[in-house]
Amino acid sequence: MAMSNLYSKISTKPMKRFQENVTVKQTNNPWLNAESPITVSDSPPIISPLSSSIVLQREGTINQPLSAPASPLSSLSPPITQLNLSSPEDCTQDPNWQATKSTVRERNAAMFNNHLMADIIFIVGSPGHTQTIPAHKYVLATGSSVFYAMFYGGLAENKRDIEVPDVEPAAFLALLRYMYCDEVQLEADTVIATLYVAKKYMVPHLARACVNYLEISLTAKNACLLLSQSRLFEEPDLMQRCWEVIDAQAKMALRSDGFVDIDIHTLESVLSRETLKCQEIHIWDAALRWATAECIRQELEPSASNQRRLLGSALYLIRLPAMNLEEFANSAAQTGILTQQETIDVFLHFTASNKPQLCFPIKPRQGLKTQVCHRFQSCAYRSNQWRYRGRCDSIQFSVDKRIFVVGFGLYGSSSGAADYNMVQVVHFMCTLKIQFKSNQNAFIQLV
């Protein structure tokens with residue numbers, strides 16, 4: 001898939017959905033703990049006299065020392081531009097600024113978004129929302145094979161201004177910051193756009209940092225949206241993480257605001273998922289919400305006929321016979337989405353001995369396979385009563401893949417009826433300690 005076509009599928013609205021649903025603070029990401037970057041002003045370069053004399057090389061002339069007060073620099077060609085650094089400790093009028101930078105990284109970072117010695121200009125953003133960003137071919141070519149081909153390849157074009165209408169300015173600046181400063185700064189509202197630009201210009205380390213950010217920020221509320229984006233970006237690891245969350249928390253994922261923004265192919269993948277842990281009525285409701293939103297996106301009336309047409313073959317992935325009779329009668333049968341014959345056939349499937357053949361799957365979804373770990377190995381002790389004998393008050397088990405702890409059971413008193421305070425149970429759930437690493441032991445201790 002061409003990258004420009006891919007970007008057209010990534011609308012601003014889903015990005016906002018993702019930003020609203022990110023609740024994880026990125027404090028443990030090693031990429032984000034780097035030294036504070038140099039902040040560069042977006043204002044145009046300022047031409048001002050220098051405090052000391054310098055030597056200019058002008059075409060067709062010899063080197064001549066010029067004193068700043070002798071003649072205005074604005075009359076010279078090419079003009080001299082000062083460093084555009086906003087840090088107070090940086091003297092922007094100092095011609096010996098290199099001496100204040102002790103490392104190559106610091107000197108290279110000083111050129112980030114700086115017109116000084118820039119030999120390429122990018123006009124980034126959609127028409128009407130563009131931003132001019134200066135850059136240096138050498139730095140870009142050493143960080144990206146795409147930029148190398150653009151500037152030094154066999155088909156390189158000798159243009160100073162390059163338009164990049166399919167990239168957001170903030171994402172492009174994030175790419176350049178990584179190339180100049182070796183820093184990754186990601187935000188919830190630009191991380192998907194940054195992943196796109198990293199893929200477009202083949203910068204795999206930045207793309208991996210974006211995927212790590214998305215994995216850490218993954219929740220049931222944004223899992224469907226991230227699943228859709230990960231399919232477009234061909235990120236199988238992120239897709240697998242999204243499926244794990246959707247399978248385990250299907251009801252919450254399907255009810256999320258971002259679900260209505262997924263593409264039709266992702267919708268079909270979700271509706272055909274065998275391991276969704278969710279009742280079929282909730283899947284039906286989610287499909288109708290998506291169809292209504294799609295009608296609005298295509299500027300159509302959200303009528304039953306238009307919803308059915310936009311759902312297309314995805315409608316027949318919903319397992320209507322897996323509902324109970326009451327759910328079907330009060331929901332799907334009255335929406336007008338189904339034809340009259342389809343409605344009659346489903347009713348006959350529920351009630352008749354001789355069931356008609358349906359175009360909807362009949363078998364209920366399997367859901368996630370649940371495994372139960374018992375605290376006691378046996379209950380055959382003293383008249384079949386549970387006994388606790390003072391040993392380790394915990395459950396220990398080993399796993400070889402990611403797991404979800406979905407619940408626990410409490411056993412009552414063996415001496416008769418007893419009252420339980422629900423507040424204490426909620427506190428008990430909140431203080432459940434879980435330590436887990438892939439392919440290692442998972443220890444769950446109740447405190």
Side-chain angles (χ1 to χ4, degrees), residues 6-29 31-32 168 170-171 174 184-199 206-273 275-278 282-283 285-294 296-297 314 368 402-406 436:
L6 185 152
Y7 187 81
S8 64
K9 298 178 180 294
I10 307 174
S11 62
T12 304
K13 184 176 180 182
M15 293 183 187
K16 292 181 179 179
R17 298 279 197 199
F18 171 73
Q19 180 186 14
E20 293 169 357
N21 292 322
V22 170
T23 58
V24 179
K25 186 176 181 181
Q26 303 294 326
T27 58
N28 298 324
N29 193 334
W31 286 100
L32 306 181
E168 293 184 8
V184 176
Q185 290 189 359
L186 301 174
E187 300 292 339
D189 56 343
T190 59
V191 61
I192 294 179
T194 304
L195 177 58
Y196 166 75
V197 73
K199 290 277 189 175
L206 178 59
R208 184 67 251 173
C210 293
V211 172
N212 290 339
Y213 184 102
L214 294 173
E215 288 182 348
I216 295 174
S217 305
L218 180 62
T219 66
K221 293 182 178 180
N222 58 37
C224 291
L225 177 59
L226 288 184
L227 174 66
S228 179
Q229 303 297 345
S230 61
R231 291 182 69 256
L232 293 175
F233 288 121
E234 297 180 351
E235 288 288 342
D237 293 339
L238 181 57
M239 286 178 59
Q240 179 59 31
R241 290 288 292 116
C242 291
W243 277 125
E244 291 173 358
V245 174
I246 294 172
D247 284 341
Q249 304 177 67
K251 184 177 179 180
M252 185 181 299
L254 296 179
R255 287 184 172 181
S256 65
D257 294 335
F259 178 80
V260 300
D261 294 320
I262 64 178
D263 61 279
I264 182 63
H265 300 294
T266 303
L267 176 68
E268 292 174 347
S269 298
V270 173
L271 297 183
S272 61
R273 188 76 172 173
T275 50
L276 290 181
K277 189 177 179 62
C278 183
H282 301 306
I283 298 176
D285 291 339
L288 261 60
R289 287 178 52 243
W290 181 92
T292 301
E294 186 67 14
I296 296 174
R297 283 191 290 266
L368 290 177
R402 293 186 180 94
I403 63 169
F404 289 88
V405 180
V406 296
F436 170 74

- Note on the structure: side-chain hydrogen bond (donor to acceptor under 3.5 Å, both in side chains) filter on Ser272, not counting sequence neighbours, yields none
- For Asp247 and Lys277, what are the C-alpha separation, side-chain angles and deciding distance, and is it a side chain to side chain contact (heavy atoms under 4.5 Å, CB included)? CA-CA 6 Å; Asp247 284 341; Lys277 189 177 179 62; over 6 Å; no
- Message: With rounding to the nearest 0.5 angstrom, report the SG to CD1 distance, Cys224 to Ile246.
- Response: 4.0 Å
- Item | side chain to side chain contact (heavy atoms under 4.5 Å, CB included) evaluation trace for Leu218 with Leu226 | CA-CA 8 Å; Leu218 180 62; Leu226 288 184; 3.7 Å; yes
- Shortest non-hydrogen contact from Ala174 toward Leu206: O-CD2, 4.5 Å
- Note on the structure: Rounded to the nearest 0.5 Å, the NE2 atom of His282 sits from the CE atom of Met252 at a distance of 12.0 Å
- Query: Is it true that Asp261 and Arg297 have a side-chain N and a carboxylate O under 4.0 angstrom from each other?
  - Reply: yes
- Provide the closest heavy-atom pair for Ala207 versus Leu195 in the form atom of the first, atom of the second, distance. O-CD1, 3.7 Å
- Query: Do you know which two heavy atoms are closest between Leu271 and Ala314, and how far apart they sit?
  - Reply: CD1-O, 3.5 Å
- Task: Could you tell me whether the side chain of Arg208 reaches within less than 4.5 Å of the side chain of Val211, counting heavy atoms only?
- Result: yes
- Task: Hey, could you give me the SG/NZ distance between Cys210 and Lys199, rounded to the nearest 0.5 Å?
- Result: 10.0 Å
- Nearest-0.5 Å distance that lies between atom CE in Met239 and atom OG in Ser228: 10.0 Å
- Note on the structure: Rounded to the nearest 0.5 Å, the CD atom of Glu168 sits from the CD1 atom of Ile192 at a distance of 10.0 Å
- Query: For the side chain of Asn222 and the backbone of Leu225, is there at least one donor-acceptor N/O pair under 3.5 Å apart?
  - Reply: no
- Message: With a 4.5 Å cut-off on side-chain heavy atoms, are Val184 and Thr194 touching?
- Response: no
- Task: Taking the side chain as every heavy atom from C-beta outward, state whether Tyr213 and Ile216 have any pair of such atoms under 4.5 Å apart.
- Result: no
- Message: Has Ser269 got a side-chain atom pairing as donor or acceptor with His265's backbone, closer than 3.5 angstrom?
- Response: yes
- Scanning both residues in full, the closest heavy-atom pair of Phe259 with Val270 reads CE1-CG1, 4.2 Å
- Message: Ignoring hydrogens, what is the shortest heavy-atom contact between Ala209 and Leu186? Give both atom names and the distance.
- Response: O-CD1, 3.7 Å
- Between OG on residue Ser230 and CD on residue Gln240, distance to nearest 0.5 Å: 10.5 Å
- Query: Do you know which two heavy atoms are closest between Ile262 and Trp290, and how far apart they sit?
  - Reply: O-NE1, 2.9 Å
- Salt bridge Arg241-Glu235, side-chain N to carboxylate O under 4.0 Å: no
- Query: Taking it one step at a time, do Glu215 and Asp237 satisfy side chain to side chain contact (heavy atoms under 4.5 Å, CB included)?
  - Reply: CA-CA 9 Å; Glu215 288 182 348; Asp237 293 339; 4.1 Å; yes
- Query: When you look at Val191 and Leu214, which way does the side chain to side chain contact (heavy atoms under 4.5 Å, CB included) test go after all the steps?
  - Reply: CA-CA 8 Å; Val191 61; Leu214 294 173; 3.6 Å; yes
